[in-house]
Structure formats: structure tokens, C-alpha cells
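Chain A is the first sequence line, chain B the second, and so forth, proteins listed ahead of strands; every chain is numbered from 1.
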Amino acid sequence: MTPDLRIYNTQTRQIETFTTIEPGVVRMYVCGVTPYASAHVGHGMSAIVFDTIRRYLEHRGFRVRHAQNFTDIDDKIILRAAREGTTPQAMVERLIAEWLEDTDSLNILRATVYPRVTQEIPAIVAMVDGLIARGHAYAVDGDVYFRVRSFPSYGKLSHRRLDDLLSGARIEVDERKDDPLDFALWKAAKPGEPSWDSPWGQGRPGWHIECSAMCAAHLDGAVDIHGGGADLIFPHHENEIAQSEAFLGREPFARFWVHNGLLQLSDQKMSKSLGNMVRIREIAGRGLAPAFRLMVLQSHYRAPLTYTDDGLLAAENGLDRLRAAARAAAPNDGEGGAGAGSNVAALAAEAETRFHAAMSDDFDTPGAVAALFDLGRAINRHGASGGATADVDAARGTLRDLAGILGLPLSDTGADAADSDAAPFVDLLLDLRNQLRAAKQWAIADAVRDGLAERGIAVEDGPTGSTWSWARRDA
RNA sequence: GGCGCCAUAGCCAAGCGGUAAGGCACGGGUCUGCAAAACCCUGAUCGGCGGUUCGAAUCCGCCUGGCGCCUCCA
């Protein structure tokens, strides 16, 4: 039997049993990106984390309504577009297309909807208007600010007190605001900026309001899971709560606040503003996107993870191990003792149980992955020992299925070798080489293997014949 | 200054009161013409000091060292 699903909630700081507003349906909103530069691996980590959560929820039988926004208008976009001599719209379109390519490469399922700020202006204006009407916001010179003091529970997500925030002294003082902590819902347009009509004049939305409006428009106002990187807890998510709950007049706006730890690069947060980023397309271009996914999954989603190239390559090696174990047709030698005793079927069932126990416990993907590796070893151990090959095949199926839940495809990477234009020629070379081997012409046979290796083709000799595959690009 | 997180074998990383998962790398074996793969074997008492407990990596306190948020950020 499958254990209850338990998830850590940032707001309560506790692991709670997961329940939904509507039975069988999960409304999940994950803060997306502001497309003003290529996505880096930190964004990739977040996308992988929430994609894995979504996949597991779906595996558990939930229908997941997954919304991820694009903040397609803001200061940085305007600035960057101007610098590049293009329009904000053109740049945004290009980068959104890039984002979808990048997330595809990481095997991220497409969200149910990708709302964009610029397409939600009426809903945003309506919400801002409603907040003014309820006394939670006020307009000044074309700007509109949320009155933080009007929302008594402000700070409940990030566990801050207003007085502590004030003493931070890093809040710029704006005389026009009633209170230094008040934040913008609507910003008056400056000359030349993209802008929209509103009751307060030409302008555009503030940073936080979009997500509230989109949750209202696309997920019926309240959500079961609201996610994002840990750096969004304050002020972004705190402000979202204030806006949404003040507007809706009820709580909670989100039942589970889920935040992933941040990816670090050389012991420092990776961030677009710091410029210390590694782009997703760089690793995808090296064929290491699946390895990156495994690297992320081998650490708990709430813990920070340091990105290193060594770590990435280590994950690739581990992934190869899983792929080999899952490969059905490979009649590996490896006549390990195996023997009777434990049987694969039982070990597969055990791995599955461990997998679900781990995933149900606040998405402990490292534990789930460990179960996968153990199952892989059990398969390899029994693989060649004759016996119940049907059980071994079934275990391979279990391994592939469980890995699939994590978004790790283990299916034959050998397929692309067979499809390659070079295949007939490589096959011919291997055929000739095996004739040489039969004649014990080792030196020439090895020269062929070495020559192929130099050209990126790895050859392996097994008891039933030789196989080849494209070696990983670069290394 | 305020709030919070982390510190486990060479590296990465689980663990949530009962005597340390998993991955990578290293070394020794088996198999192999060789190589590769696979399998087997080998390694930590959990940053330091106190405390609570029959019992703590797991709870509490202090210290040391990292990091995050408080400003745009996944």
C-alpha cells in the first residue's frame, strides 16, 4: 500500500499530510522566469524539482493543473532590449522559445498553461482596482501601492515582523508612500516604455501582482501548491499572499508553499545579476542534460546544491550504470555468483516500496534514486545467471518505470547508434575486426578499436559479440 | 543589525532517538586475448565542547566555519 504523501510547507515550517481543495485535482502554480537572458542551470534545477513533483503527483493519480508564468514585461527586459537594439516583445519571444527548448532538453513536461503578464492586464487592473476599493491600496501620481499595514498577517510566510524589516534600513525611502514597506502594484509609465491604459493612467503592473492575478484567472483563485526558488519567499511570495488574501477576503491563498534550495556555483548563489551563470543550453549541448537532471535528483530539493562540472560528469557515469542495467537486450556477461537465494522479483518489489516510501516523504528523491541503483545492481547480478529471465526482464521494466516517474529516461541510447548514417560502416569494421580476432590478430584488432575510439565510437566485446555506441561528446 | 539554513568517508549526498542509504573516484579480486562493462571485497561514529536520555549523526545550549534572505533573482 502506498504511504500518505507528506510535504514540507514553508509557511508552517512543518511536514504536513498533503490534501487538495478538490479531490483528485492539484492546482499547482510555479513562479516562472523573467525572460531577459538565457536560462541558467539554477532555473533548470527549479524546473526539474517541480516537474518531478508534478510527475509524482500524477503517478499518484492526481490530475495536475500546472500553471507557470512568464513575466514578460519589467525593468530589466526594457533595459536589455534597448541595449540590444530590439523591442521588448521580440526579445521576449525569442527567450521564451529558448526556455521551452531548454526545459524540453531537461525532460520537463509542458505546463498546462503559460500565462504572461502582458496578456493578463485586464485581470491585473481589476485586482488592483479591487484592492483600492477595499482600502488595501492607494494611488499616487499614477503609481499604486499596496498598504502593508492593512494586512495584519503580513510576514507570516517568511516569518518576519514589520519592525524587523524596517530596521533592515535597506529599504529605499519614497516620500510618496504611506509606509516604506508598501510595494508597487502598478507603476506609472515613463516616456517610451510599453504601457497600458488604466484608471490611474498609462502604466504597467508591478512585479508581484501578476502571479496573484494569474492564480485567480487560471487556477480559480486558490492553489494547492505554490512553488518557486527559496529566494522568492521574501518579498515576492509574501506580497502575493497579502494581495491575494486581501483581495479574496479569505485564506489561505495557497495551501502548500514549496521552495527549492538554490543552486550554488563556487560557493555562491548562481544568479543572473551576479553574472556567474552556466546556461542550460551549454550542458544540453554536451549531451549532459539527463545527467544534470540526475545530479539535481541526487540531492534533496530543499537543500542547496553546488554545481560543479565534476559533479555533472559523476552523475553521467551513474546514469550510464542505470541505463546499462535497464537495457533489455544486453545479455551482459557478468556471471556474478548470484545463485538462488534472493530473487529479482522480490528485490524489484522491495525497490518499488522503498521508492514510494522515499517519494512520499517530502519527495526524498535521493532516497528514491538509491533504490533505483540497488535495483540496478540486483538486475545485473541476476542478468546472466540463466534462471528466471522473465523475472529479470520484469525487473528491468520496473527500473525503467520508476526512473520514468522521476523523468529519467533509461531507454536504449543505443538506438541512435543504429540510426546513425555511419552504422553500416561501423558494423562492417566490427565484422572485419572480429574476423581478425578469430585469427588472433590482436594488434590489428586493437588498432581498429583504438581508431574508432579516436573518432568517438566506443567498442565493447562481450561473449555474444561486439557492440558499439557513440561516446559522450567532450569529457 | 534582524530572520533562517547548513556542516556526515577523497568528492557529491540520504538520515528526523535505537548502534551510518546511494552515486562518483581510489585500491584489491573474478571474468576477458587485451580493454570495457558487470559482479565481489575494502573505507566514516557523523565540525568542536557541554547537556538531556537506558540510548543521539538525529533533541537542547555554546563555539567555529560556510551559505541564504532582508534590494532584482528559480
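- Between A:Arg449 atom CZ and B:A37 atom C1' the separation is 12 Å, expressed in whole Å.
- To the nearest angstrom, P of B:C5 lies 15 Å from CG of A:Leu262.
- For B:A25, the OP1/OP2 oxygens have a side-chain nitrogen or oxygen of A:Asn317 closer than 4.0 Å.
- In a base pair of the Watson-Crick type (N1 to N3 plus N6-O4 or O6-N4) or a G-U wobble (N1-O2 and O6-N3), with each distance short of 3.5 Å, B:U58 is matched with no nucleotide.
- Among residues two or more places apart in sequence or in another chain, the salt bridge (charged side-chain N to carboxylate O under 4.0 Å, His left out) test is passed with A:Glu120 by none.
- Counting any heavy atom pair closer than 4.0 Å across all strands shown, A:His300 reaches sugar-phosphate atoms only and no base atom.
- Counting non-hydrogen atoms under 4.0 angstrom, A:Arg6 reaches nothing in the nucleic acid.
- A donor-acceptor contact under 3.5 Å is formed by the side chain of A:Arg437 with the base of B:G33.
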Could you list the donor-acceptor pairs under 3.5 angstrom formed by side chains in residues 450-457 of chain A, with sequence neighbours left out?
| unit_1 | atom_1 | unit_2 | atom_2 | d |
| --- | --- | --- | --- | --- |
| A:Arg455 | NH1 | A:Gly451 | O | 2.9 |

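- The aromatic rings of A:Phe183 and A:Phe146 sit parallel to each other, their planes meeting at less than 30°, with 60° as the upper class boundary.
- Put simply, A:Arg323 has no side-chain N or O that comes within less than 4.0 Å of OP1 or OP2 on B:A37.
- The two residues A:Pro88 and A:Ile77 have their closest heavy-atom pair at CB-CG2, 3.9 Å.
- Among pairs with a residue in residues 434-443 of chain A, those fulfilling salt bridge (Lys or Arg N to Asp or Glu O under 4.0 Å) read A:Arg437-A:Asp461, at least two apart in sequence or across chains.
- At a non-hydrogen distance threshold of 4.0 Å, A:Ala370, A:Phe373, A:Asp374, A:Arg377 from residues 370-377 of chain A come into contact with RNA chain B.
- The base of B:C5 is not paired with the side chain of A:Arg302 by any donor and acceptor separated by under 3.5 Å.
- Rounding to whole angstrom units, CG of residue A:Asp72 and P of B:C72 are separated by 19 Å.
- Among residues two or more places apart in sequence or in another chain, the salt bridge (charged side-chain N to carboxylate O under 4.0 Å, His left out) test is passed with A:Asp224 by A:Arg255.
- If you measure from atom CD of A:Gln264 to atom P of B:G66, you get 14 Å, rounded to the nearest angstrom.
- Applying the salt bridge (charged side-chain N to carboxylate O under 4.0 Å, His left out) rule to A:Asp143 yields the partners A:Arg176; only residues at least two apart in sequence or on another chain are considered.
- Applying the 4.0 Å criterion to OP1 and OP2 of B:C40, one finds that A:Arg381 has a side-chain N or O inside that range.
- As judged by a 4.0 angstrom heavy-atom cut-off over every strand, A:Gly311 is placed among residues making no nucleic acid contact.
- Pair assignment for B:C26: none, as no Watson-Crick or G-U wobble contacts are both less than 3.5 Å.
- Residue A:Gly32 is classed as a sugar-phosphate contact, given heavy-atom separations below 4.0 Å to backbone atoms only.
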